[in-house]
Participant: 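Before I ask anything, let me first share the structure, which is written out below as structure tokens.
Below, chain A is the first sequence line, B the second, and so on; all start at residue 1.
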Amino acid sequence: MSAVSISGLVKSFGRFKALDGLDLGVEEGEVHGFLGPNGAGKSTTLRILLGLLRADAGTVKVLGADPWRDVVPLHRRMAYVPGDVSLWPSLTGGEAIDLLGRLRGGLDDKRCDELLEALELDPTKRGHTYSKGNRQKVAIIAALSSNAELLILDEPTSGLDPLMEATFREEIRWERSLGRSVLLSSHILAEVEALADRISIIRKGKVVETGSLEQMRSRARTNVSATIDGNAALLTTLPGIADLRIEGHRVHFSVDSENLGDAMSVLSHHGMSALTVSPPSLEDLFLQHYGDPSDLSVEHDDEQMAPSFFDRHGRRRAE
Amino acid sequence: MIQALTGTGPLLRHAIGLDFRKLLPWLLIFAVFPLIAFSAYPSLFPSQADAVVLQSTLSANPAFSLLFGPATDLSTAIGFTTWRIQMFGMFFAALMAILTVTRHTRATEDNGQAELLDSGVVGRHARLASALVLAWLASAAVGVLVAVTLAFAGAPPSSAYALGSMLTGTGFVFAGVAAVTAQLGSVARVANTLAATVLGISYLVRGLGDTFPGADWILWFSPMGWAERIRPSAENNPWPFLLLLVASIGLALWAAWLSSQRDFGLGLIPTRPGPARGRVGMWGLTAKLNRLPLWTWGVNLLILGSVFGLVTGALSSVFASNPFVKQMIAFRVATEEQLAYAFVEVLVLLLGIIGAVVGIQLALRFYAEEEERRSEWVLSAPLSRLSHVAPTVVVSVAAPAAGMILCSLALGIASNISGSPLDVWKVVLQGIAELPAIWLAVGFAVALVGWAPQLRSLAWLLLVYWLLLTFFGQVLKVPEWLMDTSPFHVVPHVFSDGTDWGAAWWSLVIAAALVAAGLDGYRRRDLVCT
């Protein structure tokens with residue numbers, strides 16, 4: 001049985017279609033990365049899995065049950081970290097953690113203390129005095145000390161500093177070693193790359209690609225740079241070549257896996273003297289689906305995502 | 001100083017853009033309501049004698065001066081209009097100013113917008129200044145609207161502008177009060193509560209000044225009392241308005257000084273660390289979140305009930321000396337006791353409206369949790385929608401009930417202490433008789449939260465409609481069927497013989513149906529996720 005299985009999920013808000021026939025499967029015991037910029041429909045999907053929103057069409061099963069109808073028994077078995085945690089101004093962080101624990105009939109106190117220490121959170125501060133990262137920690141601790149079978153994490157590390165991000169990754173690996181299933185939504189590619197067994201990429205309310213990173217790489221284009229002494233014009237006639245750039249004797253391009261062999265033979269016939277072949281990174285995979293930068297900012301949502309994504313990853317890609 | 005205000009202009013434009021739609025309904029009410037009262041006057045009082053009758057009736061029941069201020073001059077349409085709108089006008093103008101200032105100062109610090117704005121080219125006091133100027137502009141707009149519409153309708157301009165300046169002046173002062181409380185409270189809710197408490201006290205203090213003969217001097221202790229001294233249509237005295245203006249500026253400067261004494265995002269009333277562990281569940285959480293309103297309303301109702309009771313007792317002697325009352329008693333139109341009960345009934349009715357405010361506020365508070373995305377997190381725990389909302393419903397039904405019993409009991413006891421032998425049990429029963437109407441208002445709020453939370457302000461609108469209808473409908477000769485659309489109009493009269501409880505039972509049934517509908521709606525609808 002899979003932890004989550006969704007097929008043909010549709011959800012609209014007024015005229016805006018947030019999810020448009022989304023399919024997603026999370027196997028038991030795996031960490032599943034759910035990748036896409038804000039506004040692509042990640043949070044909407046997760047909220048449907050939690051029974052906060054009702055699906056317009058499609059079938060959704062969480063741990064074999066209907067998330068809208070079987071809320072209470074289902075939620076005993078799952079825990080959630082929202083994308084933007086908001087705390088009660090008058091309650092301390094510790095009280096908030098215990099509130100969530102009490103609502104679910106008890107927390108693992110030992111695990112809770114461990115996490116408080118590992119994430120260096122002071123639980124005696126009032127809700128409105130925490131920074132964003134610390135609010136995030138409160139929700140992470142509440143979720144991870146609940147012994148839930150399925151963890152649903154919506155951009156859990158936004159606002160955490162790099163040290164805490166590393167600690168968080170260790171904790172997620174620990175959860176996986178206990179056989180827990182994790183659905184990790186994120187737009188931080190490095191995090192997904194480091195943690196996820198399988199990945200689904202969502203775009204405009206649809207999952208456009210799913211599989212392990214290896215599988216995705218084998219399906220995707222390979223980046224090639226080479227030095228040749230002949231004329232590279234022939235390359236332009238080859239099928240499956242993209243992003244071709246010619247700088248004197250240097251050529252750069254990316255090529256489909258089935259045309260890689262042909263491309264190599266063309267290069268070797270033109271006096272190839274240097275060659276770099278790099279497998280596509282997750283960023284490349286992601287950008288192949290989001291090739292048109294305007295896609296990142298079309299949908300309503302957030303101001304932070306689109307620019308930061310391109311600053312960090314777009315520049316690295318160009319290097 | 002000038003540098004500290006850099007950026008006030010752009011911030012103000014931004015604030016006006018945000019608030020235009022929020023302020024519009026306030027302004028419309030201010031533009032229309034005085035006009036209705038003004039133009040209804042000739043048909044209500046065809047002859048001078050009719051006005052005299054009203055004046056006499058009013059003097060027979062001091063509850064009216066306590067609640068609505070003195071009727072200095074009912075012989076002219078503008079004098080009548082002044083009497084009708086002065087208290088509610090001042091109260092709502094002040095409320096509007098308070099909410100506006102808090103929304104643009106403390107509330108923006110709470111939700112992080114202030115950080116964004118302050119990082120721009122803005123001086124230290126620019127945000128406070130823009131909020132104050134906005135509230136001042138809104139208050140001025142209220143006054144000008146009232147004055148211009150009345151003057152166009154044929155009122156003497158000097159009286160119309162005097163009435164307008166009364167409302168504007170009150171708005172000015174309470175904008176200043178809110179600017180100060182925004183520095184004191186650590187969150188918007190606390191700041192609003194503090195400012196509203198000042199408003200409540202000043203309303204009460206001026207009530208005492210108006211009710212007791214020769215107690216005019218008490219008016220000096222309340223900003224609303226100062227505004228009253230403008231006495232539109234009777235004196236048209238401009239000096240109190242200047243006093244209000246100066247007070248407002250003084251308060252603004254004080255607020256600016258206070259804000260330079262505190263850190264961004266924190267109040268002068270410090271927040272201390274709390275316990276590392278907690279033991280609250282959904283019920284405990286609901287109780288904790290509502291602790292502040294429950295306490296403040298509880299104390300306010302207790303004070304209000306006691307003051308009303310003391311006034312009742314102290315007035316029995318005033319009663320006896322009033323010539324009109326003497327006449328009524330001599331001709332056996334009414335006994336002294338009946339007059340006292342009529343007085344108390346009006347007071348309890350007002351307490352009932354306040355009870356409904358409490359209930360609506362508590363019910364709508366539930367949606368704030370959803371809006372601030374905390375419900376989303378809480379509902380990820382094994383908790384059905386019904387058990388999520390149930391504590392709120394119970395609190396918003398029970399709290400007004402407890403409040404009504406508390407304040408009517410205080411009223412009854414205090415009146416007995418001060419020498420008016422009212423039947424305490426009957427006073428309490430009159431308080432309880434308001435509950436079906438209160439619960440109807442609460443039920444409507446719950447139904448809105450359950451089905452259409454984006455329309456939740458309709459709950460307030462409905463209450464304002466009921467309030468205006470119940471208190472002013474009869475004087476404006478509104479037809480009976482329209483009067484009956486207010487559950488507060490059909491509240492049983494416990495003090496008269498053969499009390500008819502039928503309408504109360506109907507209110508109760510409708511209230512229960514609305515609550516049930518709200519619960520069902522919340523079970524079915526999507527959570528609002530922002």
Side-chain angles (χ1 to χ4, degrees), chain A residues 11 13 43-44 46-54 68 71-105 109 112 116 122-129 132 138-139 142-143 146 148 152 154 303, chain B residues 106 109-112 115-116 185-190 263 265-267 270-292 368-388 454 523-530:
Chain A
K11 178 74 191 174
F13 299 105
S43 296
T44 304
L46 301 191
R47 284 165 181 159
I48 287 172
L49 293 177
L50 285 156
L52 300 171
L53 302 178
R54 192 179 210 162
W68 178 263
V71 171
V72 176
L74 206 46
H75 285 198
R76 282 189 221 290
R77 301 165 64 193
M78 57 203 280
Y80 173 53
V81 174
D84 190 354
V85 182
S86 159
L87 298 175
W88 298 271
S90 55
L91 257 60
T92 64
E95 284 178 304
I97 293 172
D98 281 337
L99 168 69
L100 264 278
R102 204 185 150 98
L103 291 177
R104 55 185 326 125
D109 282 335
C112 182
L116 279 171
D122 174 2
T124 66
K125 283 170 70 171
R126 304 273 174 196
H128 69 285
T129 58
K132 171 155 174 52
V138 170
S146 66
I152 295 196
D154 191 0
E303 61 287 339
Chain B
R106 178 51 70 178
E109 280 183 50
D110 291 351
N111 64 22
E115 229 168 329
L116 197 65
S186 52
V187 282
R189 220 175 291 283
V190 176
D263 288 326
L266 301 175
T271 38
R272 290 181 305 275
R277 304 299 307 262
R279 10 187 351 98
V280 297
M282 203 53 229
W283 289 90
L285 177 69
T286 308
K288 211 162 179 168
L289 292 179
N290 291 316
R291 203 164 47 186
L292 177 71
E369 285 294 292
E370 195 171 333
E371 226 178 1
E372 286 162 28
R373 296 186 304 275
R374 292 189 280 265
S375 294
E376 181 185 346
W377 191 36
V378 166
L379 281 173
S380 74
L383 185 73
S384 69
R385 292 283 182 93
L386 210 55
S387 17
H388 186 222
Q454 56 284 8
R523 249 163 25 89
R524 286 163 194 274
R525 78 166 161 87
D526 282 351
L527 204 70
V528 174
C529 301
T530 44

Participant: Is the closest side-chain heavy-atom distance between B:Pro275 and A:Thr92 below 4.5 Å?
Facilitator: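 Contact flag for B:Pro275/A:Thr92 side chains = yes.
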Participant: Tell me, side chain or backbone of A:Ala142 under 4.5 Å from chain B's heavy atoms, or both, or neither?
Facilitator: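 The answer is the side chain of A:Ala142.
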Participant: Using 0.5 Å steps for rounding, measure from the OG atom of A:Ser90 to the CZ atom of B:Arg291.
Facilitator: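 That separation rounds to 7.0 Å.
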Participant: Using a strict threshold of under 4.0 Å (side-chain N to carboxylate O), is an ion pair present between A:Arg54 and B:Asp526?
Facilitator: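 No.
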Participant: Identify which of B:Arg189, B:Arg385, B:Arg277 forms the greatest number of heavy-atom pairs closer than 4.5 Å to chain A.
Facilitator: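 That would be B:Arg277.
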Participant: Mind running side chain to side chain contact (heavy atoms under 4.5 Å, CB included) on B:Trp377 and A:Val138 for me, showing each step along the way?
Facilitator: CA-CA 11 Å; B:Trp377 191 36; A:Val138 170; 3.9 Å; yes
Participant: Tell me, out of A:Leu50, A:Val85, A:Asp109, who's got the most heavy-atom pairs with chain B below 4.5 Å.
Facilitator: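 Option with the top pair count is A:Asp109.
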Participant: Give the member of B:Ala276, B:Gly278, B:Gly284, B:Pro382 that has the highest number of heavy-atom pairs under 4.5 Å with chain A.
Facilitator: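 Among the listed options, the one with the most contacts to chain A is B:Pro382.
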Participant: Would you say the side-chain atoms of B:Arg374 pair up with the backbone N or O of A:Leu87, donor to acceptor, closer than 3.5 Å?
Facilitator: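 Checked: pair present.
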Participant: Looking at side-chain heavy atoms only, is the closest gap between A:Leu100 and B:Ser380 below 4.5 Å?
Facilitator: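 They are in contact (side-chain heavy atoms under 4.5 Å apart), so the answer is yes.
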Participant: Side chain from CB out, backbone as N, CA, C, O: work out which of these in A:Asp84 comes under 4.5 Å of a heavy atom of chain B, or both, or neither.
Facilitator: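 It is both, since atoms from each part get that close.
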Participant: Decide yes or no for B:Pro273 and A:Lys125: does some side-chain heavy atom of the first lie under 4.5 Å from some side-chain heavy atom of the second?
Facilitator: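 No. Closest side-chain heavy atoms not under 4.5 Å.
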Participant: Pick one of side chain, backbone, both or neither for B:Leu289, based on which atoms fall under 4.5 Å of a heavy atom in chain A.
Facilitator: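 The answer is the side chain of B:Leu289.
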Participant: For the pair A:His75 (side chain) and B:Leu379 (backbone), establish whether a donor and an acceptor sit closer than 3.5 Å, ignoring hydrogens and angles.
Facilitator: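 Yes; judged by distance alone, with no hydrogens or angles, the pair exists.
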Participant: Verify side chain to side chain contact (heavy atoms under 4.5 Å, CB included) between A:Leu91 and B:Lys288, making sure each step is shown before the conclusion.
Facilitator: CA-CA 9 Å; A:Leu91 257 60; B:Lys288 211 162 179 168; 3.6 Å; yes
Participant: Is B:Leu285 close to chain A through its backbone or its side chain, or both, or neither, when contacts mean heavy atoms under 4.5 Å?
Facilitator: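 When you check distances to chain A, only side chain atoms of B:Leu285 fall under 4.5 Å.
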Participant: Do A:Trp88 and B:Glu369 meet the criterion of a side-chain donor-acceptor pair at a distance under 3.5 Å?
Facilitator: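 The answer is yes; a qualifying pair exists.
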Participant: At a 4.5 Å cut-off on heavy atoms, which part of B:Arg279 comes close to chain A: side chain, backbone, both, or neither?
Facilitator: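 Contact with chain A: backbone and side chain both.
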Participant: Using heavy-atom distances under 4.5 Å, tell me whether A:Asp154 contacts chain B through its side chain, its backbone, both, or neither.
Facilitator: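 Contact with chain B: none, neither part.
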Participant: Any side-chain heavy atom of A:Leu103 within less than 4.5 Å of one from B:Met282?
Facilitator: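 The answer is yes; the side chains approach within 4.5 Å.
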